[in-house]
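Residue numbers count from 1 along this sequence.
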Amino acid sequence: MGYGKSLRAAIISAAAMLGAGAAAQAQEIKFWTLSFDNPEMAKTFQSIIKDFEAANPGVTVKLENRGTDEHKSALRVAGGSDQAPDIYYMWGGLGLGGEFVKSGLALPMDKYYAEYKWDDQFIDPALAFSKQYPGGRYGLPFTFRGEAIYYNKALFEKAGITSLPTTYDELLADADKLAKAGIPAFTFGGTVNWHVMRLMDEILEIQCGPEKHDALMAMKLNWADEPCATKSFEELHKWTSKYILKPFMGIDQGQSFNLFLAGRAAMMLEGNWLVGQLKNANKLADYGVFPFPGASRLYGFAEYDYISTKSKNPDIAAKFLNYLESTPVQQANVELFGGPANVNRNVKSSSADPLDLAWGKIFGQFHDVFVNGDQAFPLDVTTEYFRVINEVASDHLDPKAAAGELQKFIASRK
């Protein structure tokens with residue numbers, strides 16, 4: 001990534017100050033994170049690592065990238081071995097992040113929060129996830145993500161859609177218009193489980209309302225006894241049977257995105273990270289974005305970096321995270337690190353891209369957030385939630401029976 005000379009000097013100076021006093025003996029920090037969708041992000045990370053290593057003689061940061069499901073699997077294996085990383089990426093919340101806190105792989109980071117004054121540096125919605133776990137503060141916010149509907153402007157125009165939907169019923173009406181024009185409303189990748197789940201999560205939020213939705217995800221209400229849960233599965237089946245590009249159960253999220261770029265479907269339910277992918281494909285002008293209509297809360301989540309209990313150098317690991325999230329580094333790469341939703345409260349976005357500006361309005365529109373189902377549920381319930389959704393989506397389970405199936409599993413847990 002190209003830096004101005006003065007900005008580059010400021011970053012290097014920050015690295016030197018943040019690295020002052022580091023021991024000179026050889027210390028390796030293994031950092032496991034997801035594969036980068038944007039090549040520019042990969043280059044930027046290498047530059048950040050290089051500057052940190054220069055300011056901390058003897059320290060080497062080794063970055064390892066994997067796909068989403070491979071990353072989860074590798075961490076589960078690492079928890080029972082001596083090959084665990086020093087730092088690992090995982091989502092915040094009681095579901096995915098909580099799995100590794102509960103398994104003992106995550107190190108409490110209270111002393112680092114105090115040492116680096118992170119509570120003063122990060123936005124409150126992103127910090128909230130670090131406080132959800134018993135026994136201390138776990139993880140440091142890396143990004144804060146929102147999820148909304150991207151749409152193909154030309155396909156909306158072809159279907160005669162002249163204004164964006166603001167209610168769930170209007171979204172259904174637009175799906176009918178698209179269908180009459182021979183255009184699938186959405187494209188999803190069914191092989192990764194969590195992609196179709198996003199639609200179910202949004203439908204639950206609308207059909208049940210925030211309070212009841214949260215109670216269902218916390219397993220404090222009986223799914224089988226709540227009519228809104230059954231109605232949500234029925235609505236999901238309506239979408240998957242009538243409005244979604246088929247076949248979707250045999251493709252993954254990346255293939256789904258390529259179909260979206262090719263104009264094979266009108267919409268995708270994706271996060272604000274998709275702006276970078278569209279920019280990389282030179283397709284920004286062809287698309288718009290709007291929040292899922294009818295929901296009073298924004299669908300979203302925080303991504304975190306955790307220090308492992310297996311780390312031999314946790315202080316250096318914390319020092320690197322503090323540098324990675326520092327104001328000079330984040331400001332220099334603001335559009336890559338969240339744009340208008342940067343977790344560092346001192347960082348400002350100057351992007352004039354229409355989609356970034358649209359996301360800025362979306363983030364300003366909502367005060368509350370609800371998280372993805374696979375982050376709200378424990379791992380075993382998430383797996384069953386995926387199974388039930390997939391069975392309904394593939395016509396192998398009557399949607400009227402789906403809530404009961406999920407509740408049966410929840411009731412059988414120890």
* Partner set under side chain to side chain contact (heavy atoms under 4.5 Å, CB included) for Asn65, not counting sequence neighbours -> Thr33, Ser35, Phe36, Leu63
* Would you say Lys153 has more than 12 foreign heavy atoms packed within less than 6.0 Å of its NZ? -> yes
* Asked: Is the number of heavy atoms from other residues, nucleotides or ligands under 6.0 Å of Glu211 CD greater than 12?
  -> no
May I ask you to check whether [X] and [Y] show a side-chain donor-acceptor distance below 3.5 Å?
X: Glu335; Y: Ser349; answer: yes
X: Tyr168; Y: Glu235; answer: yes
X: Asp201; Y: Asn372; answer: no
X: Thr44; Y: Glu40; answer: no

Validation: residues 215-224 side-chain donor-acceptor distances under 3.5 Å, sequence neighbours left out:
| unit_1 | atom_1 | unit_2 | atom_2 | d |
| --- | --- | --- | --- | --- |
| Asn222 | OD1 | Ala224 | N | 2.8 |
| Asn222 | OD1 | Asp225 | N | 3.3 |
| Trp223 | NE1 | Leu216 | O | 3.0 |

Got a sec, which residues hit salt bridge (Lys or Arg N to Asp or Glu O under 4.0 Å) with [X], two or more places apart in sequence or on another chain?
X: Lys30; result: none
X: Asp305; result: none
X: Glu384; result: Arg387

* side-chain contact (heavy atoms from CB on, under 4.5 Å) between Tyr306 and Tyr138: does it pass, once the steps are laid out? -> CA-CA 7 Å; Tyr306 297 80; Tyr138 292 87; 4.2 Å; yes
* Structure fact -> Sequence neighbours excluded, the answer for ring-ring contact (aromatic ring centres under 6.0 Å, His included) partners of Phe386 is none
